[in-house]
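In what follows, a single structure is set out as structure tokens and then discussed.
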There are 2 protein chains.
Amino acid sequence: MAVDLRPSQALKLLHDFNYEMVRDDDRDLTARQVTILLTVYLDPPPHTVRGLAAKLNVTKPVITRALDTMGRMELLQRRRDPADRRNVLVQRTVKGALYVERLADLMVAKSKALPL
Amino acid sequence: MAVDLRPSQALKLLHDFNYEMVRDDDRDLTARQVTILLTVYLDPPPHTVRGLAAKLNVTKPVITRALDTMGRMELLQRRRDPADRRNVLVQRTVKGALYVERLADLMVAKSKALPL
DNA sequence: AAAAATCGTTTCGGAGCCGTATCATTTCAG
DNA sequence: CTGAAATGATACGGCTCCGAAACGATTTTT
């Protein structure tokens, strides 16, 4: 079935989702970080620093720093490309998969609680 | 009709929405700022600094600073409460209403583009 | 083999946001 | 009328993020 979302429902969903994230987590991911994370988890590999930077229309250091941060959180993982050792391949982790799953569950739960 | 969102659709919606925000805007609002903004636009007034801080489970300076920032952007507006001049009433602005509307439209558009 | 190009990282100065503690203003209680 | 309470703003030191530029490592070109 197609997803039919009215503007007022969209705003409430957006509010409720962010509200829960803000209340639960001390430190939130930025919009850029979320986009990078979900891109890696939704788009087919391989993912490189340069590729992600081009796709998101940001500079390369933004990706490098986001990988530093989310790498420390163990949400993503760096690996050198064995074929071309200049490249860095960005890969998923178990912890990252769980985090993404939590995002999805939260969205689904909040959407179910929306008024008709 | 009820909103029926599957986890994979939820993730794609989250990604596509954030992706568009990141690509379009140089400077994004933080999760806290979005939550404050939408709370003011969705919940019935009055909205005070103290009330918002309690609702979002953050400290008062967080609200004050968010109002500084979003006030500079003209997305929200401060007004002294004439009844009790200790209070600050947080109110909507024309520009803020347009911004919120843009958020809603973007969510709706991205939800319509979701795969079945 | 040398030079050029590619890729990711690091450095730099600057800006924003954080929590804690403190402050000024206003209201209320005794 | 005066001291306590309530409210929002500010000061402070710390952390993260930013874009631009420079850098080291690797690959490709000449």
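Quick caveat: nothing in here was measured; it's all calculated off a predicted structure. Residue numbers start from 1 in every chain, and the chains themselves are labelled A, B, ... in the order their sequence lines are given, proteins ahead of strands.
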Inset, instruction - Could you verify whether a donor N or O on one side chain and an acceptor N or O on the other, from B:His47 and B:Thr39, lie under 3.5 Å apart? - result: no
Inset, instruction - Check A:Met107, A:Lys110, A:His15 against A:Glu20 for a side-chain contact (heavy atoms from CB on, under 4.5 Å) and give me the one that passes. - result: A:Lys110
Inset, instruction - Drop me the distance from B:Leu42's CG to A:Asp16's CG, to the nearest 0.5 angstrom. - result: 8.5 Å
Legend entry - OH-CG distance between B:Tyr41 and A:Leu11, expressed to the nearest 0.5 angstrom: 11.0 Å
Inset, instruction - Tell me whether the OP1 or OP2 atom of D:dG8 has a side-chain N or O from B:Asn87 closer than 4.0 Å. - result: yes
Inset, instruction - Verify the contact: side-chain N or O of B:Arg27 to OP1 or OP2 of D:dC17, cut-off strictly under 4.0 Å; return yes or no. - result: no
Inset, instruction - Considering only NZ, NE, NH1 and NH2 on the basic side and carboxylate oxygens on the acidic side, decide whether B:Arg102 and B:Asp25 come within less than 4.0 Å. - result: yes
Interatomic distance, [X] [atom1] vs [N] [atom2] [rounded to whole Å]:
{"X": "B:Ile63", "N": "C:dG16", "atom1": "CD1", "atom2": "P", "answer": "19 Å"}
{"X": "A:Asp81", "N": "D:dT26", "atom1": "CG", "atom2": "P", "answer": "13 Å"}
{"X": "A:Arg32", "N": "D:dT16", "atom1": "CZ", "atom2": "C1'", "answer": "13 Å"}
{"X": "A:Asn57", "N": "D:dG19", "atom1": "CG", "atom2": "P", "answer": "10 Å"}
{"X": "A:Leu67", "N": "D:dT16", "atom1": "CG", "atom2": "C1'", "answer": "16 Å"}
{"X": "A:Asp28", "N": "D:dC15", "atom1": "CG", "atom2": "P", "answer": "19 Å"}
{"X": "B:Lys60", "N": "C:dT22", "atom1": "NZ", "atom2": "P", "answer": "14 Å"}
{"X": "B:Arg79", "N": "D:dT7", "atom1": "CZ", "atom2": "C1'", "answer": "18 Å"}

Inset, instruction - Examine distances only and state if a side-chain atom of B:Gln9 and a backbone atom of B:Arg6 form a donor-acceptor pair shorter than 3.5 Å. - result: yes
Inset, instruction - Answer with yes or no whether B:Arg85 presents, from its side chain, a donor or acceptor under 3.5 Å of a partner atom in the base of D:dG8. - result: no
Inset, instruction - Mark yes or no for a side-chain to base donor-acceptor pair under 3.5 Å between A:Arg80 and C:dG8, with no hydrogen or angle criteria applied. - result: no
Could you check which of [options] has an atom nearest any side-chain atom of [X]?
{"X": "B:Val49", "options": "D:dA9, D:dA20, C:dG19", "result": "D:dA9"}
{"X": "B:Gln33", "options": "C:dC17, C:dG19, D:dC17", "result": "C:dC17"}
{"X": "B:Thr64", "options": "D:dA21, C:dC7, D:dT10", "result": "D:dT10"}
{"X": "A:Arg50", "options": "D:dA20, D:dC18, C:dC7", "result": "C:dC7"}
{"X": "A:Arg86", "options": "C:dT6, D:dT10, D:dC17", "result": "C:dT6"}
{"X": "A:Thr69", "options": "D:dT7, C:dT9, D:dC17", "result": "D:dC17"}
{"X": "B:Arg65", "options": "C:dC7, D:dA11, C:dT9", "result": "D:dA11"}

Inset, instruction - Select from A:Arg72 and A:Ala83 the residue whose nearest nucleotide in DNA chain D is closer to the 5' end of that strand. - result: A:Arg72
Inset, instruction - Select from A:Thr59 and A:Asp84 the residue whose nearest nucleotide in DNA chain D is closer to the 5' end of that strand. - result: A:Thr59
